[in-house]
Amino acid sequence: MFSVTQLCRIWRKSSFKTKKLTPTPLWRCRWCNCHTDRGNVSQQLNPEDRRNNQVTKRHKKQRTLCQPVLDHFDQQYSEELGDLWPYAREVLLDPQSWQYGIMLNRFTAVTGIAQILRAQGFSTLLPQTDVSVLHSNGPATVLNSKYQEGKDTLSTLCISKGSPGDPHPQSDNSSFALGQDSQSEPALSFPPPSLQCYIHPSLLRFPSQAHRPGQLKQYYLLNAASLLPVLALQVKDGEKVLDLCSAPGGKALAIMQSASPALLCCNEPDLHRRDWLAKTLESFVPHSLKSRVIVSAQDGRSFGQSEAGLYDKVLVDAPCSNDRSWLYLCNSQQGEQRLRERAGLPSLQAQLLRSALLAVCPGGTVVYSTCTLSSLENFSVVETVLKDFPEAEAEDLWEEIAIPLSKYFTFSSNPGHGQTTQEPTLQTRDASVSFYRHRLGILVVPQPGKTWGPMFLARIRTRK
């Protein structure tokens with residue numbers, strides 16, 4: 001077994017061995033999620049080694065900006081986000097500033113990893129409490145709980161800061177492994193559910209682990225904002241859960257960390273992405289839970305009709321105009337094509353959300369999320385679908401999620417009215433509009449120092 005000091009040395013050495021993957025362009029892939037893409041993350045050196053790190057950065061391939069997409073974003077988002085957009089634009093145009101979190105895998109031994117993270121300055125964010133207790137007590141528990149940092153228990157909910165500059169944190173080809181700490185399937189009973197995700201206040205890198213058949217990875221790299229829809233879903237032990245647009249699988253993994261559902265159905269119709277999803281699940285979920293975690297290949301738009309009312313909770317992490325990748329993964333001609341296709345996305349997203357509301361049981365919960373800033377794909381989709389489901393009601397996530405996490409994320413809930421950087425982002429100008437917008441969802445807007453997102457989330461509950 002390696003000591004913490006040895007692991008730190010391995011970590012530093014391994015960061016220069018990773019190779020960058022080129023992700024599949026989104027215009028070729030209809031079903032796309034954004035915050036858990038493929039790729040590699042290498043470690044940024046400590047301050048005393050910055051000179052060597054700068055040499056490494058000069059050898060990185062420069063991304064090509066898609067100007068038509070940026071021009072379109074400037075026109076749309078300056079109107080929808082107001083004074084928040086110039087700062088969001090600055091972040092989106094600087095991939096080296098993008099932050100990522102490190103979600104630990106409760107099905108492996110993670111004490112050594114947690115020690116390394118704390119030694120490197122990673123810290124906890126959410127209250128140190130069991131996820132099921134947090135959910136059962138509702139928003140008041142989040143608001144009134146004291147923040148305790150630096151503790152490593154398997155029954156805590158932690159989000160701490162970590163930020164690889166590469167926008168694609170997970171890789172099947174990464175070279176980093178922790179030897180004996182990369183666990184084969186545990187023989188003992190599993191620890192209680194806990195969603196542990198560490199983040200870092202600066203741009204400290206952390207490497208991804210190699211995929212090894214038969215062995216479980218200890219952690220998963222992701223944009224920490226992508227955990228917010230899972231928190232909003234409030235999965236409890238013994239529930240049946242549907243992840244309607246599951247690939248690449250980051251949110252499915254977060255669900256399995258936060259609870260022990262009786263069934264988690266991970267749906268993905270695209271063959272390539274479904275294989276990617278299956279490999280992700282194989283790397284993080286024990287084989288003994290295979291009967292509880294299944295992969296489906298149905299068209300998400302018709303899923304609700306074929307399995308109506310069967311699920312307690314449904315997550316719709318819908319395909320969207322992924323703002324981060326659309327700025328870079330195309331030339332001008334492809335960018336124009338993407339923008340034409342973008343106009344049809346709200347219709348697809350509405351079909352998926354309607355399907356989810358059919359699949360959930362009476363009294364069940366649906367969470368809709370995207371990784372775009374576009375209000376047409378976010379608030380407008382929720383508003384449109386709710387008109388067709390009078391038995392469903394959107395719930396206010398402002399006090400439950402936005403207020404307690406406003407120190408770490410920048411939230412907006414009033415698109416089209418322009419947020420200003422002078423006023424607190426937890427306030428909007430008109431109280432009635434504010435309440436209505438809160439019910440339709442909340443939006444994480446990337447800002448300097450808080451580069452998480454974009455991430456939109458809305459929660460809808462059906463009446464019993």
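If you read the sequence from its start, that first residue is 1, and numbering goes on from there.
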key: Within-4.5 Å side-chain heavy-atom neighbours: Leu253 and Leu222   = no
Shortest non-hydrogen separation from Gln99 to Pro201 and the atoms involved = NE2-O, 4.4 Å
message = Before you tell me yes or no, could you show the steps for Leu352 and Arg301 under side-chain contact (heavy atoms from CB on, under 4.5 Å), namely the whole-Å CA-CA distance, both residues' side-chain angles and the distance that decides it to 0.1 Å?
response = CA-CA 5 Å; Leu352 291 169; Arg301 295 168 294 182; 4.0 Å; yes
inquiry  = With heavy-atom distances below 4.5 Å as the criterion, would you say the side chains of Cys320 and Phe456 are in contact?
reply    = no
query = What's the verdict on side-chain contact (heavy atoms from CB on, under 4.5 Å) for Trp85 and Val445, showing C-alpha distance, side-chain angles and the deciding distance?
reply = CA-CA 8 Å; Trp85 170 238; Val445 183; over 6 Å; no
inquiry  = Could you measure the distance from the CD atom of Gln298 to the CG atom of Leu244? Nearest 0.5 Å is fine.
reply    = 9.0 Å
request  = For the residue pair Glu268 and Trp276, establish whether any side-chain heavy-atom pair is separated by less than 4.5 Å.
outcome  = no
ask   = When the aromatic ring centroids of Tyr198 and Tyr219 are compared, is their separation below 6.0 Å?
value = no
task = Measure the spacing between CD1 of Ile102 and CG of Leu117 and express it to the nearest 0.5 Å.
result = 4.5 Å
query = Which word best sums up how the rings of Phe409 and Trp452 line up, parallel for under 30°, tilted for 30 to 60°, or perpendicular for over 60°?
reply = tilted
request  = Would you check, one step at a time, whether the test side-chain contact (heavy atoms from CB on, under 4.5 Å) holds for Phe122 with Leu204?
outcome  = CA-CA 9 Å; Phe122 289 81; Leu204 195 64; 3.3 Å; yes
Shortest non-hydrogen contact between Val285 and Val293, atoms and distance = CG1-CG2, 4.2 Å
query = Between Ser258 (side chain) and Ile255 (backbone), is there a donor-acceptor pair under 3.5 Å?
reply = yes
inquiry  = Within the structure provided, determine whether Cys66 and Gln334 are in side-chain contact (heavy-atom separation under 4.5 Å).
reply    = no
request  = Would you kindly say whether Asn267 and Ser246 are connected by a side-chain donor-acceptor distance under 3.5 Å?
outcome  = no
query = Under 3.5 Å, is there a donor-acceptor pair between the side chain of Ser347 and the main chain of Gly344?
reply = no
key: Gap separating the CG atom of Leu405 from the OG1 atom of Thr410, nearest 0.5 angstrom   = 11.5 Å
request  = Provide the closest heavy-atom pair for Cys265 versus Ser296 in the form atom of the first, atom of the second, distance.
outcome  = SG-CB, 3.7 Å
message = Are Asp323 and Cys371 packed together at the side-chain level, in the sense that at least one heavy-atom pair is separated by less than 4.5 angstrom?
response = no
request  = Of all the heavy-atom pairs spanning Ser374 and Tyr77, show the shortest one and how long it is.
outcome  = N-OH, 3.3 Å
query = With a 4.5 Å limit on heavy-atom distance, are the side chains of Ser226 and Met455 in contact?
reply = yes
Side chain to side chain, Gln305 and Leu358, heavy atoms closer than 4.5 Å = yes
query = Under 3.5 Å, is there a donor-acceptor pair between the Asn322 and Ser325 side chains?
reply = yes
request  = Report the distance from atom SG of Cys197 to atom CD of Gln257, rounding to the nearest 0.5 Å.
outcome  = 10.5 Å
note = Between the OH atom in Tyr328 and the CG atom in Leu92, the distance rounded to the nearest 0.5 Å is 7.0 Å
ask   = Just by distance, with hydrogens left out, do Glu400 and Gln234 show a side-chain donor and acceptor under 3.5 Å apart?
value = yes
request  = Determine whether the side chains of Thr370 and Gln349 contain a donor N or O and an acceptor N or O closer than 3.5 Å.
outcome  = no
remark   = Interatomic distance, NZ@Lys450 vs CZ@Phe411, rounded to 0.5 Å, equals 9.0 Å
task = Please check if the side chain of Trp398 supplies one atom and the backbone of Arg439 the other of a donor-acceptor pair under 3.5 Å.
result = no
ask   = Just by modelled atom types, is the Gly300 backbone N or O under 3.5 Å from a matching donor or acceptor in the Ser355 side chain?
value = yes
query = Is a side-chain donor or acceptor of Gln218 paired with a backbone partner of Ile113 at a separation under 3.5 angstrom?
reply = no
query = Pick one: which of Leu84, Leu81, Asn378, Val444 meets side-chain contact (heavy atoms from CB on, under 4.5 Å) with Leu373?
reply = Leu81
request  = Check whether any side-chain heavy atom of Leu386 lies under 4.5 Å from a side-chain heavy atom of Leu440, and answer yes or no.
outcome  = yes
Nearest atoms (heavy-atom pairs only) where Ser380 meets Leu376 = CB-O, 3.7 Å
inquiry  = Could you check whether any side-chain N or O of Asp312 sits under 3.5 Å from a backbone N or O of Lys240, counting only pairs where one atom can act as donor and the other as acceptor?
reply    = yes
Expected output: side-chain Thr462 to main-chain Gly363 donor-acceptor under 3.5 Å = yes
request  = Go through the steps for Trp326 and Thr372 under the test side-chain contact (heavy atoms from CB on, under 4.5 Å), then give the verdict.
outcome  = CA-CA 10 Å; Trp326 277 38; Thr372 178; over 6 Å; no
ask   = Is a side-chain donor or acceptor of Ser306 paired with a backbone partner of Phe303 at a separation under 3.5 angstrom?
value = yes
ask   = Okay, side chain of Arg106, backbone of Met256: is any donor-acceptor separation there less than 3.5 Å?
value = yes
query = Within the distance-only criterion (no hydrogens, no angle test), does the side chain of Thr280 pair as donor or acceptor with the backbone N or O of Pro248 below 3.5 angstrom?
reply = yes
